[in-house]
Amino acid sequence: MILVDGITLLCNDLQVDPQDIVMAATMCEFSKQEFITGLQSLGIDSLEKFRERISFMRSELKDEQKFREIYNYAFGWAKEKGQKSLALDTAIGMWQLLFAEKQWPLVDHWCQFLQARHNKAISRDTWSQLLEFARIVVPALSNYDPEGAWPYLIDEFVDYLTECGIIQKDNVSDDWSYKL
């Protein structure tokens, strides 16, 4: 088996931070056969080819559809076997990794909100809908529809942003503004 220490050594050899999102899928245990089969399927037979592949994998994250596939895969990959939901700490860690590449400016506020107000596991529905929220709704929330079909947790998040003064709504003009 290749365990965490072995993966860390591999990351060092590849000159990649083990916390980098492109390495997230490798941050687990692999049998020797799984590792070899995976490298062969990617056409990797040297460290140099592995480094090149990492650059390619990083560029794929910029593609909206590919990012969505990786994002959706991450839920199942990160949750514990036999569980339907994702542990909150794990979900927060995954969001910070995933949205570091996608650069959603509200990710830190979302994580703080969850720790302060939710403190429960994350359902697949919430996981999926957050990506849609981050993709569709601009950080200033100017196109947020409180009557929309967002999960209750996302509506609570918007209320939290307003309560904390991160987002301000002008009740006269119905305009929103965002403070970083």
Side-chain angles (χ1 to χ4, degrees), residues 2-4 7 16-31 34-35 37-38 41-42 54 56-164 166-167 176 178:
I2 301 172
L3 304 177
V4 174
I7 297 296
V16 175
D17 183 344
Q19 297 296 320
D20 191 312
I21 187 60
V22 298
M23 295 307 294
T26 62
M27 290 306 292
C28 57
E29 299 175 356
F30 285 107
S31 70
E34 288 171 324
F35 187 74
T37 301
S41 71
L42 293 171
I54 288 171
F56 173 74
M57 290 164 52
R58 186 176 314 288
S59 71
E60 281 190 313
L61 289 171
K62 295 183 185 339
D63 176 74
E64 189 80 27
Q65 183 59 37
K66 190 55 130 176
F67 183 82
R68 180 186 311 274
E69 289 172 18
I70 292 167
Y71 181 89
N72 288 328
Y73 173 80
F75 182 88
W77 176 81
K79 72 180 179 63
E80 291 184 33
K81 289 180 179 153
Q83 298 296 313
K84 291 184 179 184
S85 298
L86 189 57
L88 181 61
D89 289 344
T90 303
I92 286 172
M94 292 303 294
W95 277 317
Q96 289 171 330
L97 279 172
L98 289 161
F99 285 122
E101 279 302 315
K102 201 64 176 164
Q103 298 178 348
W104 181 46
L106 297 176
V107 68
D108 289 335
H109 298 299
W110 171 252
C111 295
Q112 290 164 4
F113 158 74
L114 291 173
Q115 290 172 320
R117 305 265 176 98
H118 185 63
N119 208 19
K120 296 178 190 161
I122 301 298
S123 70
R124 183 177 294 276
D125 182 54
T126 298
W127 179 268
S128 299
Q129 289 297 309
L130 184 69
L131 178 61
E132 289 307 303
F133 180 81
R135 189 180 68 77
I136 294 170
V137 178
V138 298
L141 304 182
S142 57
N143 62 340
Y144 169 74
D145 178 6
E147 302 301 318
W150 298 113
Y152 184 69
L153 191 59
I154 291 177
D155 290 331
E156 284 184 340
F157 173 58
V158 171
D159 292 342
Y160 171 84
L161 291 173
T162 305
E163 289 169 21
C164 293
I166 298 160
I167 301 291
W176 297 79
Y178 173 64

Could you list the donor-acceptor pairs under 3.5 angstrom formed between side-chain atoms of residues 148-155 and any protein atom two or more places apart in sequence or on another chain?
unit_1	atom_1	unit_2	atom_2	d
Y152	OH	E156	OE2	3.2
D155	OD1	Y144	OH	2.5

Which heavy atom of H109 sits nearest to which heavy atom of L161, and what is that distance?
CB-CD2, 3.8 Å

List for me each residue that meets side-chain contact (heavy atoms from CB on, under 4.5 Å) alongside L88, sequence neighbours excluded, and say none if there are none.
I92, L114, N119, I122

Could you tell me whether the side chain of E132 reaches within less than 4.5 Å of the side chain of V137, counting heavy atoms only?
no

Not counting sequence neighbours, which residues clear side-chain contact (heavy atoms from CB on, under 4.5 Å) with Q83? List them please.
E80

Measuring from F157:CZ to Q112:CD, what's the distance to the nearest 0.5 Å?
9.0 Å

Would you tabulate the side-chain donor-acceptor contacts of residues 123-131 under 3.5 Å, counting partners in other chains and residues two or more places apart, or write 'none'?
unit_1	atom_1	unit_2	atom_2	d
S123	OG	T126	N	3.1
S123	OG	T126	OG1	3.2
W127	NE1	Y71	O	3.0
S128	OG	R124	O	3.1

List for me each residue that meets side-chain contact (heavy atoms from CB on, under 4.5 Å) alongside K66, sequence neighbours excluded, and say none if there are none.
E60, D63, E69, I70

Assign the ring pair W104 / F133 to parallel, tilted or perpendicular, where the plane angle (0 to 90°) is split at 30° and 60°.
perpendicular

Going by the angle between their ring planes, with limits at 30° and 60°, are F113 and Y160 parallel, tilted or perpendicular?
tilted

Nearest-0.5 Å distance, SG of residue C111 to CG of residue L106
11.0 Å

Under the salt bridge (Lys or Arg N to Asp or Glu O under 4.0 Å) rule, collect the residues that match up with E163, sequence neighbours excluded.
R117

Return the set of residues passing side chain to side chain donor-acceptor pair (under 3.5 Å) with T37 (not counting sequence neighbours), or none when no residue passes.
Q33

Can you sort out the partners of E64 under side chain to side chain donor-acceptor pair (under 3.5 Å), two or more places apart, ordered by chain and number?
K102

What residues, two or more places apart in sequence or in another chain, satisfy side-chain contact (heavy atoms from CB on, under 4.5 Å) together with A121?
S85

